[in-house]
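To start, the structure itself, in structure tokens.
Worth saying up front: this structure is predicted, and the values here are computed from it rather than measured. Chain letters run A, B, ... following the sequence lines, proteins first and then strands; every chain starts at 1.
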Amino acid sequence: MAPDPLAILDVAALERQTGGDAGLRSEIVRMFLEDCPQRLDAMGGAIAVGDAAALTSAAHTLKGSAAYLKAATVRERAAELEGCAREGKLADAPVAFNRLREAVDELLPELQKLSR
Amino acid sequence: MKILVADDDRIAATVLAQTLRQWEFDVTVAADGAEALRHLQSVTAAPTLAILDWMMPQLEGADVCRRVRLEMPWANMYLMLLTSLESKDRVIAGLEAGADDYLIKPFDPDELRARINVGIRVLTLQERLAERVNQLQDALTNVKQLHGLLPICSYCKRIRGDDQYWTAVESYIAERSDAQFSHGICPPCASELEREIEKHKHRRQRD
């Protein structure tokens, strides 16, 4: 089944969140495109060394950023990963991390379209 | 109105700060809880509204609330905590730590505006009450200054102040209270004065 485009990125909701300020929308899209690779690297590193606190923090921040961008799937999957890390279920983290990466891979091209 | 925004996620901080600036608030952004606390410690005189993310490095939002209430119990500050939907169960702990209100991330602009208006109403009310208390305090101080034993000259009615100078009774009271004097002559003194004038006239006619 094809992913729901609104779940990947709800542009109308993002428009409402930013109060119709195109400059603000561009700025946060640019920030997300800059920060996201570092956050994913931090999560991968934290899973590799079993650092639950670092994984919780990185997943929590990505979850918050995705929530403001109205990227529902990335938000949900970051929340799942954060939940694994917070509860110390690091054995479940690699699967949750891969699901998150897949969602991010779907989101980034949509954000790049917006930033053009 | 000054508003402090504290969030270690720069996207969340930017959206919140920019939304508040669109509404013409004077916004300062702190990147973590320790920076937020330092800022709040430096603005104790002015009414301040702060929107603090719960989960931040160094000091969490709830810890900032606790420290502000403990260290600055009289500061006129309205503290709002930001929490994610999954952490809504921590709201009670946040309010008990000293927060006045909370918002779920990502905030809804209309709800944010309404809750900020509540905060401004509370801050304004507290500021007016503080002004009123100061006015009453000043009034009480003045009343106190007019209490006690006052050395007064039985002849000229001057009063000796704490500085040992003798001052006319009107000046003494006017300096220590909101009372002001309008000068006139009372009926007994007016009669006395008339008699004096008559006596003076007779004396001149005789001479």
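The structure places CE of M56(B) at 12.0 Å from OG of S57(A), a figure rounded to the nearest 0.5 Å. In this structure, OH in Y68(A) is found 10.5 Å from OG1 in T14(B), a value given to the nearest 0.5 Å.
More than 12 non-hydrogen atoms from other residues, nucleotides or ligands lie less than 6.0 angstrom from CG of L136(B). Summarising the local packing, CZ of R101(A) is surrounded by 12 or fewer heavy atoms from other residues, nucleotides or ligands at distances under 6.0 Å. Around CD of Q135(B), the count of heavy atoms belonging to other residues, nucleotides or ligands within 6.0 Å exceeds 12. Atom CZ of R86(A) has more than 12 neighbouring heavy atoms from other residues, nucleotides or ligands inside a 6.0 Å radius. Heavy-atom neighbours of D163(B) CG from other residues, nucleotides or ligands within 6.0 Å: above the threshold of 12. No more than 12 heavy-atom neighbours from other residues, nucleotides or ligands sit within 6.0 angstrom of CD on Q180(B).
Contact of R16(A) with chain B is made through the backbone alone, with heavy-atom distances under 4.5 Å. For a residue to count as touching a neighbouring chain, one of its non-hydrogen atoms must lie under 4.5 Å from one of that chain's; by this rule L24(A) touches chain B with the side chain only. With a 4.5 angstrom heavy-atom cutoff, D8(B) touches chain A only via side-chain atoms.
Two residues are said to be in side-chain contact when any heavy atoms from C-beta on lie closer than 4.5 Å; E27(A) and R10(B) fail this criterion. Annotation: side chain of S84(B) is not in contact with side chain of E82(A) (no heavy-atom distance under 4.5 Å). Side-chain contact check for P109(B) versus Q17(A): some heavy-atom pair is nearer than 4.5 Å.
Contact record, I11(B) with I28(A): CD1-O, 3.8 Å, taken as the closest heavy-atom pair.
Side-chain polar atoms of T61(A) and D9(B) form no donor-acceptor pair below 3.5 angstrom.
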